[in-house]
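Taking it in order: structure first as structure tokens, then the write-up.
None of the values given here were measured: they were computed from a predicted structure. Both counts, for ligands and for their atoms, begin at 1 and track the order of listing. For this chain, numbers begin at 1 and follow the sequence in order.
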Amino acid sequence: MRKLLPSFFILASLSAYSQHSLPIIPAPVKAQVRTGYFTISPQTVIVDRNGGEKATVEFFNAYLEKYYGFTLPVQKKADKNYISFSTKTFVKAPGNRERYTLTVTPANIHITGDGHAGTFYGLQTLLQLLPVQKTTSPDIPAVAIDDYPRFAYRGAMLDVSRHFFDAAYVKKFIDLLALHKINTFHWHLTDDQGWRIEIKKYPGLTEVGSCRNGSITGRYPGTGNDGQEHCGYYTQEQVKEIVQYASDRFITVIPEIELPGHSSAAIAAYPQLSCFPDEPTRPAPGTAWHGDTTRKNVQQAWGVFEDVYCPSEYTFNFLQDVLDEVITLFPSKYIHIGGDECPKDAWKRSAFCQKLIKENNLKDEHELQSYFIQRIEKYLNGKGRAIIGWDEILEGGLAANATVMSWRGEKGGIEAAKQKHDVIMAPNSYVYLDYSQRKNDDSVTIGGYLPLQKVYSFNPIPKELSADEQHYILGAQANLWSEYILYPSKVEYMIFPRLTALSEVFWSPLKHKNWESFKKRIPVQFKRYELWGVHYYPGLNEPMK
Ligand code: TNX
């Protein structure tokens, strides 16, 4: 690091934008480079004066141990050679609990958060000042940093339905988010291809719904079917553990229980959830199927399927029971209820649905979808929770307190903000990390083209919004759909470095966003990925279009 740092820091001290020259991503709000280094030695101690920073201190020692091979003792006080973590408990107003200052001098290091989350983010910045090579006496350059996020909601979604990732990997994924100051993990737990969360009242969801008999191979519609079982789910104990693990990293986990569409896996377990319980599941046209086709089945191809939840009392009771268990596991304010891509074919030909539409004076099946979502919203609001839905929940009228996650570009987000609803921006044009990041990717992806520079150019605040309307944009999110992502190494290849670019979009002030500066900092980040042992795509010069 001594070798690597000087060029950065000489540049830094000469530059008016020293935060650009420090190899820190996301770029901090204010950063000043000072002279000298603090060197961690065997005598260095961690100071946690009030014992209030346990989670942060443990994260620090775990990181040191894993990547540098040593840990530091933790004490209540020390006179010299210390790294101190503290939180301003006297800051009463909520303000920005994610703000922190980090001061490194040759003598000591102080990290002070406005809230415990801030202290944790101060640590994340400190970790980026450590050398990217393993050493037992790391030098840390002297700096003074004052930093806070641009957006309160900074999210990343992992789809564990299309392909299952085990609890240990979910924890690793959460660690990777924490290292990027991301504070929300959106867990896409149910879909047509697998139900992944244990629900005690409905054991069939995991006994039947968590397994499919095969998967299409190659890009949709595919070249065949692998004929292999693909199974997996999280027990409630594992879910609790993961939620706690995330919370120790100041990350809120938002579960997504998809409705009314993308529900084939639940229907395979409980056919009465469909308006046509006796009709067998139809494979997607042109795709290869493995095994039984005479009954309801978990889907084996990707896409959108016509067999969806029937808006019957049986279904509402089922969903309320499921959500009851979900809310005991997830303390998050929000529950994501999906709402996307729900074909209306089944509802159109169901006498039950047509009667329901008439009885409730609904105009059409889109209003029936709103009726569905609004009932679920009322139920969850009654339990003190708020819903997030994909932008399709705008069609047929928005539920009263719903937050919209805008994925089909920015349109839905703009529309929702104009209707004075909160919005999370996740436009596929900028944040769909399942899209290819190079013109000729060497493994199958869903397609599309989303190079690093395009991702970096994303601004979650659409220019169409007035200053007042902009306040409805809570933040933004990266989405990783896993149709073509079979292994953790591919997860990492797809998210890095694009998620790192997004972390700067989510956190740094707009005035610090600068592609050239980012490109200068990213090679250090590549070394850091290597230190972490994660995969990444090393290209930096893919064309924008
Ligand atoms: C659309 S984004 C979907 C997902 C797919 C994804 C693939 C959204 C709400 N629905 O079901 O996995 O495209 O990019």
Report task. Cation-pi check, K513 to F518: give yes when NZ or CZ is under 6.0 Å from the six-membered ring centre and within 45° of the ring axis, no otherwise. Result -> no
Query raised in the report: Looking at Y537, does the NZ or CZ of R438 lie under 6.0 angstrom from its six-membered ring centre and within 45 degrees of the ring axis?
Result: no
**Report entry** Derivation and outcome, ring pair (Phe, Tyr, Trp, His ring centres under 6.0 Å), residues Y202 and F318
**Finding:** CA-CA 9 Å; Y202 297 92; F318 163 85; 4.7 Å; yes
Report task. Not counting sequence neighbours, list each pair that qualifies as a salt bridge (Lys or Arg N to Asp or Glu O under 4.0 Å) and has a residue in residues 466-495. Result -> R162-E483, K172-E492, K418-E469
**Report entry** Under 4.0 Å from ligand 1 - residues by heavy atom, chain and number
**Finding:** R162, H262, D340, E341, W390, W407, Y432, D434, Y435, I446, W481, E483
Report summary line: Hits for salt bridge (charged side-chain N to carboxylate O under 4.0 Å, His left out) against D441, two or more places apart or cross-chain, chain-then-number order -> none
**Report entry** salt bridge (charged side-chain N to carboxylate O under 4.0 Å, His left out) involving E530 - partner list, sequence neighbours excluded
**Finding:** none
